[in-house]
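Structure first, commentary second.
A note on names: the letters A, B, ... follow the listed sequences, proteins ahead of strands, and every chain is numbered from 1.
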Amino acid sequence: MNYWLLKTEPNEFSIDDLQALGPGIEPWDGIRNYQARNIMRDDIKKGDLAFIYHSSCKLVGVAGVAKVVEEAYPDPAQFNPKSKYYDPKSTKETPRWVCIGVTFVERFKEVIPLAEIKQIPTLSAMVLVNRGRLSVQPVRPDEWNTIMDMKE
DNA sequence: GCCAACGTTGGC
DNA sequence: GCCAACGTTGGC
């Protein structure tokens with residue numbers, strides 16, 4: 001079992017939206033970055049857990065936890081000309097982009113701010129801290145535990 | 001809204 | 001396959 005971090009802009013989709021789905025499955029679509037895609041396609045497995053991270057908003061940080069319930073499959077949005085994630089270069093025979101399915105696990109009482117995470121020495125190697133721009137990224141078990149301990 | 005860091009595109 | 005130009009991400 002592995003740990004991940006999934007970024008989302010809460011204006012678009014937040015931990016509250018995920019919670020509102022209850023046991024429902026949310027397709028984690030619209031990922032249009034090759035490195036993030038490769039992680040979803042090759043590494044993320046059913047049963048893995050992921051932090052839901054709120055970016056580009058007032059309170060930037062880790063907002064909760066989701067569980068992977070569907071492994072990578074072609075992202076339907078890439079074939080939909082009306083979607084903002086439409087990719088005219090992708091074909092059904094050789095789809096370029098994939099998504100995964102996640103479900104709600106936990107909403108933290110308070111978002112754990114990025115600023116706070118940056119101050120913890122044992123978290124200084126986190127991809128989140130070192131490499132800003134990657135919307136799907138791995139989290140080490142010790143990093144996972146450290147952040148879970150930062151909750152109220 | 002600014003801007004740094006990074007990813008992607010496309011000419012050669 | 002290099003690299004300049006351009007686009008995007010994302011914290012602040």
Side-chain angles (χ1 to χ4, degrees), chain A residues 2-21 26-44 48-68 71-102 104-140 142-152:
Chain A
N2 288 305
Y3 298 107
W4 311 96
L5 181 145
L6 303 173
K7 288 188 187 173
T8 180
E9 299 189 11
N11 301 335
E12 307 272 328
F13 186 84
S14 72
I15 189 72
D16 295 320
D17 297 322
L18 186 62
Q19 184 170 30
L21 290 178
E26 172 68 14
W28 208 260
D29 59 0
I31 303 295
R32 294 293 179 270
N33 168 284
Y34 288 104
Q35 202 177 345
R37 177 205 64 182
N38 293 348
I39 291 171
M40 291 202 294
R41 188 189 58 194
D42 304 332
D43 301 328
I44 298 188
D48 286 354
L49 293 175
F51 285 135
I52 299 299
Y53 176 87
H54 285 177
S55 71
S56 298
C57 58
K58 268 191 182 167
L59 225 182
V60 169
V62 178
V65 176
K67 184 181 181 178
V68 177
E71 295 182 8
Y73 62 95
D75 180 348
Q78 69 194 308
F79 306 123
N80 178 5
K82 288 184 183 151
S83 168
K84 67 171 176 175
Y85 299 121
Y86 177 59
D87 184 348
K89 292 181 194 159
S90 183
T91 64
K92 296 217 171 181
E93 290 71 35
T94 54
R96 181 177 295 195
W97 306 109
V98 300
C99 59
I100 55 173
V102 302
F104 175 78
V105 173
E106 176 179 0
R107 178 192 186 279
F108 295 165
K109 226 169 144 192
E110 306 208 354
V111 171
I112 299 169
L114 175 62
E116 218 168 289
I117 290 171
K118 282 182 172 169
Q119 284 170 16
I120 311 285
T122 50
L123 296 179
S124 62
M126 273 194 87
V127 179
L128 182 68
V129 175
N130 289 305
R131 257 207 63 202
R133 309 187 323 152
L134 187 60
S135 52
V136 176
Q137 50 180 262
V139 175
R140 298 198 317 234
D142 60 297
E143 293 165 347
W144 180 275
N145 292 332
T146 301
I147 288 178
M148 290 302 265
D149 286 343
M150 291 168 74
K151 288 188 297 174
E152 282 198 24

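Between the C1' atom of C:dG10 and the CG atom of A:Leu128 lies a distance of 11 Å, rounded to the nearest Å. Spacing between atom CG of A:Asn11 and atom C1' of C:dG11 amounts to 15 Å, rounded to whole angstrom units. Taking atom CD on A:Gln137 and atom P on C:dG10, their separation rounds to 9 Å, with Å as the unit. Going from atom NE2 of A:His54 over to atom P of C:dG11 covers 12 Å, rounded to whole Å. Nucleotide C:dG11 holds its C1' atom 15 Å from the CD atom of A:Gln119, rounded to whole Å. One interatomic measurement links the two molecules: CG of A:Leu114 to C1' of C:dT9, which rounds to 14 Å at whole-angstrom precision.
A:Ser55 comes within contact range of the sugar-phosphate backbone alone, with a heavy-atom separation under 4.0 Å but no base atom that close.
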Output one letter per nucleotide in nucleotides 3-8 of chain C: B when a protein non-hydrogen atom lies under 4.0 Å from the base, S when only the sugar-phosphate is that close, - when neither is.
----BB

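Applying the ring pair (Phe, Tyr, Trp, His ring centres under 6.0 Å) criterion to A:Tyr3, with sequence neighbours excluded, gives A:Trp144. A:Tyr73 meets the ring pair (Phe, Tyr, Trp, His ring centres under 6.0 Å) test with no other residue; sequence neighbours excluded. With sequence neighbours excluded, no residue forms a salt bridge (Lys or Arg N to Asp or Glu O under 4.0 Å) with A:Glu26. The salt bridge (Lys or Arg N to Asp or Glu O under 4.0 Å) test applied to A:Lys67 returns no partner, not counting sequence neighbours.
Neither OP1 nor OP2 of C:dG10 sits under 4.0 Å from any side-chain N or O of A:Lys58. For C:dT9, the OP1/OP2 oxygens have no side-chain nitrogen or oxygen of A:Lys7 closer than 4.0 Å. Side-chain N/O atoms of A:Tyr53 include one lying less than 4.0 angstrom from OP1 or OP2 on C:dG11.
Salt bridge status for A:Asp75 with A:Arg37: absent, with no side-chain N to carboxylate O gap under 4.0 Å.
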Donor-acceptor contacts, no H, no angles, side chain residues 121-132 of chain A, under 3.5 Å, sequence neighbours left out:
| from | atom 1 | to | atom 2 | distance (Å) |
| --- | --- | --- | --- | --- |
| A:Ser124 | OG | A:Pro121 | O | 2.9 |
| A:Asn130 | ND2 | A:Ser124 | O | 3.0 |
| A:Asn130 | ND2 | A:Ala125 | O | 3.2 |
| A:Asn130 | ND2 | A:Met126 | O | 3.0 |
| A:Arg131 | NH1 | A:Gln35 | OE1 | 2.9 |
| A:Arg131 | NH2 | A:Arg133 | O | 3.1 |

